[in-house]
Amino acid sequence: QVRLVESGGGLVQPGGSLRLSCAASGTIFSVNAMGWYRQAPGKERELVAEVTTAGSTNYADSVKGRFTISRDNAKKTVILRMNSLKPEDTAVYYCNARGVLTIGRLGDIWGQGTQVTVSS
């Protein structure tokens, strides 16, 4: 019943910007953190950015200074603002909510994934 709804992916030219949004819906009592991961073909899935309910943030070194993550705990929503995009940012981006407490369950939830392509 818990679902992560992602939006904002697409095609953008190098140097451009995109805004990714992820909203959690369903019966959720608490969430420890929400964030974004990405996976390019032939590569491991990696953390892009994450924000905890306390407001702490973590970024991959490759995106520091270019990406910014923000949260709305009441709405269980996270926003990833991506600037100065590079071709190497091309990947499927997955929204993640970890430490999700639902009815009789505690675990992680993943979104379906949204494609981000940076190309001219």
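Keep in mind it's a predicted model, so treat the numbers as computed, not measured.
- The shortest heavy-atom contact between Val92 and Gly113 is CG1-CA, 4.0 Å.
- Nearest approach of Ser62 to Arg38, heavy atoms of both residues: OG-NH2, 3.2 Å.
- Under the 4.5 Å side-chain heavy-atom criterion for grouping Ile, Leu, Val, Met, Phe, Trp and Tyr, Val100 is not connected to Phe29 through any hydrophobic cluster.
- Scanning both residues, Ala97 and Met34, for their nearest heavy atoms gives CB-CG, 4.0 Å.
- Under 3.5 Å, the side chains of Asn83 and Ser17 contain a donor-acceptor pair of N or O atoms.
- A salt bridge between Lys64 and Asp61 is present, with a side-chain N of the basic residue lying under 4.0 Å from a carboxylate O of the acidic one.
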Quiz item: Please walk me through it: do Val12 and Thr117 pass side chain to side chain contact (heavy atoms under 4.5 Å, CB included)?
Solution: CA-CA 6 Å; Val12 64; Thr117 302; over 6 Å; no
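- Considering only heavy atoms from C-beta on, Pro87 comes within 4.5 Å of Pro14 through its side chain.
- Inter-residue side-chain proximity for Val5 and Cys22 is flagged as unmet; no heavy-atom pair is nearer than 4.5 Å.
- The shortest distance between side-chain heavy atoms of Asp108 and Asn96 falls below 4.5 Å.
- At a threshold of 4.5 Å between non-hydrogen side-chain atoms, the residues Val116 and Thr90 do not count as touching.
- No more than 12 heavy atoms of other residues, nucleotides or ligands shown are found within 6.0 angstrom of CD on Glu44.
- Nearest heavy atoms, Thr27 versus Val2: O-CG2, 3.6 Å.
- The two atoms that bring Leu4 and Ile109 nearest to each other are CD1-O, 3.3 Å, heavy atoms only.
- Annotation: the span from Thr68 atom OG1 to Arg19 atom CZ amounts to 12.5 Å, rounded to 0.5 Å.
- Rounded to the nearest 0.5 angstrom, Ser30 OG and Leu106 CG are separated by 7.5 Å.
- Note that the OH atom of Tyr37 and the CZ atom of Arg45 stand 9.5 Å from one another [nearest 0.5 Å].
- Under 3.5 Å, the side chains of Arg98 and Thr52 contain no donor-acceptor pair of N or O atoms.
- Annotation for Ile69 and Tyr59: closest pair N-OH, 2.9 Å, computed over non-hydrogen atoms.
- With rounding to the nearest 0.5 Å, the separation of CE in Met82 from CH2 in Trp36 is 8.0 Å.
- Atom CZ of Arg81 and atom OG of Ser70 lie 5.5 Å apart (nearest 0.5 Å).
- One finds the OG1 atom of Thr57 at 10.0 Å from the CZ atom of Arg71 (value rounded to the nearest 0.5 Å).
- At distances below 3.5 Å, not a single donor-acceptor pair connects side-chain atoms of Gln13 with backbone N or O atoms of Ser120.
- Side-chain atoms of Leu85 and Phe67, non-hydrogen and from C-beta on, do get closer than 4.5 Å to each other.
- Taking the six-membered ring where tryptophan is involved, the planes of Tyr94 and Trp110 are perpendicular, since the angle between them exceeds 60° and thus also 30°.
- For Arg105, there are no salt bridge (charged side-chain N to carboxylate O under 4.0 Å, His left out) partners, not counting sequence neighbours.
- Within a 6.0 Å radius of CD in Gln112, other residues, nucleotides and ligands contribute 12 heavy atoms or fewer.
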